[in-house]
There are 4 protein chains.
Amino acid sequence: MGLKERREREKQARRESILVAARELLHQKGINGASMNQIAKKAELGVATLYSYFTNKEDLFLVLQQEGLDLLREQISEALEGISDPKIRLKTIAFSFLEFSQKRKNYYYIINYFISSPEILFESTLKDQIDLQAERALSVANAVITEGIETGSFINQNTKRSAVTFWALIFGLTQFKKLETTILRDDNHTAIFEHSVDQFIRSISV
Amino acid sequence: MGLKERREREKQARRESILVAARELLHQKGINGASMNQIAKKAELGVATLYSYFTNKEDLFLVLQQEGLDLLREQISEALEGISDPKIRLKTIAFSFLEFSQKRKNYYYIINYFISSPEILFESTLKDQIDLQAERALSVANAVITEGIETGSFINQNTKRSAVTFWALIFGLTQFKKLETTILRDDNHTAIFEHSVDQFIRSISV
Amino acid sequence: MGLKERREREKQARRESILVAARELLHQKGINGASMNQIAKKAELGVATLYSYFTNKEDLFLVLQQEGLDLLREQISEALEGISDPKIRLKTIAFSFLEFSQKRKNYYYIINYFISSPEILFESTLKDQIDLQAERALSVANAVITEGIETGSFINQNTKRSAVTFWALIFGLTQFKKLETTILRDDNHTAIFEHSVDQFIRSISV
Amino acid sequence: MGLKERREREKQARRESILVAARELLHQKGINGASMNQIAKKAELGVATLYSYFTNKEDLFLVLQQEGLDLLREQISEALEGISDPKIRLKTIAFSFLEFSQKRKNYYYIINYFISSPEILFESTLKDQIDLQAERALSVANAVITEGIETGSFINQNTKRSAVTFWALIFGLTQFKKLETTILRDDNHTAIFEHSVDQFIRSISV
DNA sequence: GATGAATGAGCCTTCATTCAT
DNA sequence: GATGAATGAAGGCTCATTCAT
């Protein structure tokens, strides 16, 4: 029994070390620089071992994305702790996402990779998993908006639509971060971000 | 004399056929599927021929994106003809973009690709060119909002920020189109889109 | 245990077969004909396999040359066994080289290739390695001449210069072997070679 | 008639401009960097034009080599002017060659290329031409040695063999020039060169 | 006679994946 | 269960050469 458990723990550890290596490479060399061989080398494992833990490269990356989204959710949860005003809660979500995109670039890239790829690229099983994740992300905003409506902070209107709008806005704004050294050089990206989010919140507030 | 012209026309045609093939592949197989060899095969040309029309892959992709943005601008311009109300003009831009993303998928995808790629991927020269293009796109919304402020339709506030918010929103929303068969299956993407855009316009209106 | 050893032996064998193929191609088709792809094909291996044995083409060629020089040194050593007269020893070296150039054409050609290439072709790392090898080759003649001086056979003069002269002469003469069917057709290359070497030895003898 | 002549002159000029471009590129980028396309561009001519003046790349390079050898002969002739002592004449030839290898690197490389390539690479016609050139080069030394014998400066022995030895020596020594920054760093290449040549001359002197 | 456009074959190298051990 | 060796396919790109005009 103890043996079985130890084995299980070792397996998990090995699995995790693969993911660690993958994330690191992803961050260092971008999506194309993170090859299976390099991940294996970095994780100090045989290449074939990777394939006994993950079906293929895409699968590995999907898990990475899920981890990323889990982490994101966690960070948002933590950030929301102790905050009760729905408006501030919404703003907090937005800034958590922005912060995540900067501090966890490697995770952000991979999430972004899956969001931005044309649908065609993924088979339906994979796509379903991605969407499931997306749904969970959406639901966070959904919940806050619902609370806001219930507590009388927000106008009573289609919650899901508002949540979608919210995410679309902050996702779009975050993408534009990379323009800050060129097009947006005469302004401050964070300020724009805040401005936009505030405006959105105001627009759904009573 | 006529001969020279004909040759010139043929060259342009061939150049265009390369771009068409590239766009198609990019849309169908993603960035990794759009290799120079594949493009050449699809265009029914030798690989080396591609290199006599474009310096390298990066150059080709840049031209691809520029053409896409030119077309987008053109379509927006046409759509705006005869419309004078700034609110409607703004909405028209939004829907032109949505329509473009659906009817000109190949063009849309390449634009999207450049927006969504992590900065690292491009050398500065290319990035600058891309940003230049993005700036021109931004300026369309900018102009409309300025008009709106001047004619008293819109609140007098930082125009550029509003334009950025506007684009971020519709860009994000358009990305979510691909969720319409899953997460958004209980609603209509176009309806959500319209709802969001309306809400944005209202939020900057007097 | 025996398994590990066998594997190791197999790896060495495969490595060697790559070198054999490379040498053969280099000799048959010249440097431009000895591409990694061709070598792989000749060795009946996948291209990628070559890269798991050698870092890159340059590395492979370096090893190739080192092996060649090792073999040459070995042959010279063997030929020198039991011979004590410095004059004969020097002559033996010369003829060992000539013999090597004929019997081990593949090896000879690669050495020749590295000597004859314009400096520009190699990065400094490679060049340094080559020179290190060349130095070892030079030292063989150096030693013999030093002995000769000590034993009173040769005039006491700058040893290194004599060694360089010696190698320059026999290297140049060996290159001219290929002229034997045309320019030198009225004489015998080996005879010329011997004549020249004798004359050189005489010129440094007391 | 004048027209015909002018055409002929133009043709020659164009031919020469190709060779000029080729030589320059050869010098700048080495033997592999001098591609037909680049030569054409540098000569401001169409690629196909090159092929109407030269059968193929090898042919062009052969002509280049011939030009090089002509130039070498010319330089040697000039250097020999006014010198009558056969010993000094021989030394002058040697130093002319060394100087040529340094001051006319581009020419020297290409001559070297043809000398050092394995025989196999060239078809017999080409090889014959190369050898013809080599023979002419050889004959210069031949003549001087013959004079020396006649005037009592040199020992009466097989002239041709001496000439071959002479060329082999200076060719070998010149090749070793590239070792001067490494193996020969504690001596001076020119000094070694002179030492060796002097020794050779002494060895054939009465 | 001169040309520029076109090209297939080839370059070196890396990739995701498999399989015998 | 873990692995290292092997690999065909493919990547971007350049080449010498041809051919219609």
Side-chain angles (χ1 to χ4, degrees), chain A residues 7 10-11 14 32-41 44-61, chain B residues 3-4 6-8 10-11 14-15 31-41 43-60, chain C residues 3-4 6-8 10-11 14-15 32-41 43-60, chain D residues 7 10-11 14 32-41 43-61:
Chain A
R7 284 238 191 97
E10 278 174 8
K11 271 187 70 173
R14 198 140 31 217
N32 280 339
S35 72
M36 293 301 264
N37 286 29
Q38 295 211 19
I39 293 170
K41 194 179 283 175
E44 292 175 345
L45 290 169
V47 221
T49 309
L50 269 61
Y51 283 87
S52 67
Y53 285 91
F54 303 95
T55 314
N56 54 29
K57 200 191 179 187
E58 203 165 59
D59 181 36
L60 195 162
F61 275 54
Chain B
L3 184 104
K4 224 176 184 174
R6 182 157 65 80
R7 281 239 200 105
E8 192 53 37
E10 277 173 9
K11 268 192 74 171
R14 195 134 32 215
R15 192 184 139 96
I31 192 69
N32 284 336
S35 72
M36 293 301 265
N37 284 329
Q38 297 267 329
I39 294 169
K41 195 176 284 177
E44 293 177 341
L45 291 169
V47 216
T49 307
L50 268 61
Y51 283 87
S52 71
Y53 284 91
F54 303 94
T55 312
N56 51 30
K57 200 191 179 186
E58 196 167 286
D59 180 36
L60 193 161
Chain C
L3 182 105
K4 221 175 183 177
R6 184 160 60 81
R7 280 236 200 106
E8 191 52 38
E10 277 174 8
K11 268 191 74 171
R14 196 134 32 213
R15 191 184 140 97
N32 285 336
S35 72
M36 292 301 265
N37 285 331
Q38 298 266 329
I39 294 169
K41 195 176 284 177
E44 292 176 342
L45 290 169
V47 217
T49 307
L50 269 60
Y51 283 88
S52 70
Y53 285 90
F54 304 95
T55 311
N56 51 31
K57 199 189 181 187
E58 195 166 288
D59 180 38
L60 194 161
Chain D
R7 283 240 191 96
E10 277 174 8
K11 270 188 71 171
R14 198 141 28 217
N32 280 338
S35 72
M36 293 301 264
N37 287 31
Q38 294 208 22
I39 294 170
K41 193 178 286 178
E44 293 175 345
L45 289 169
V47 219
T49 310
L50 269 61
Y51 284 87
S52 67
Y53 284 91
F54 303 95
T55 315
N56 53 28
K57 200 191 179 188
E58 202 164 59
D59 180 37
L60 194 162
F61 275 54

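Chain identifiers are assigned alphabetically (A, B, ...) following the order of the sequence lines, protein sequences preceding nucleic acid strands; residue numbering begins at 1 within each chain.
When rounded to the nearest whole Å, the span between CZ of C/Phe54 and P of E/dT13 equals 13 Å. Going from atom NZ of D/Lys41 over to atom P of F/dC15 covers 10 Å, rounded to whole Å. Distance B/Ile39 CD1 to F/dA10 P: 15 Å, rounded to the nearest Å.
When the side-chain hydrogen bond (donor to acceptor under 3.5 Å, both in side chains) test is applied to B/Tyr51, no partner is found at least two apart in sequence or on another chain. With sequence neighbours left out, the side-chain contact (heavy atoms from CB on, under 4.5 Å) criterion links A/Ser35 to A/Asn37, A/Gln38. Remark: A/Glu10 pairs with A/Arg6 by the salt bridge (charged side-chain N to carboxylate O under 4.0 Å, His left out) rule, at least two apart or across chains. Taking the side-chain hydrogen bond (donor to acceptor under 3.5 Å, both in side chains) definition, one finds that D/Arg14 meets it with D/Tyr53, sequence neighbours left out.
C/Arg15 contributes atom CZ, which lies 14.0 Å from atom OG1 of C/Thr49 (distance to the nearest 0.5 angstrom).
Minimum interatomic distance between B/Asp59 and B/Phe54 (heavy atoms only, all atoms of both residues): OD2-CA, 3.5 Å. When all heavy atoms of B/Asn56 and B/Met36 are compared, the closest pair comes out as C-CE, 4.2 Å. Considering all non-hydrogen atoms of both residues, C/Ala40 and C/Val47 come closest at CB-CA, 3.7 Å.
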Given protein heavy atoms under 4.0 Å, the one-letter contact record of nucleotides 6-12 of chain E, with B base, S sugar-phosphate only and - none, is simply SBB--SB
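Where DNA chain E pairs in unbroken runs of 3 or more (Watson-Crick or G-U, both distances under 3.5 Å), the stems are E:2-21 with F:2-21.
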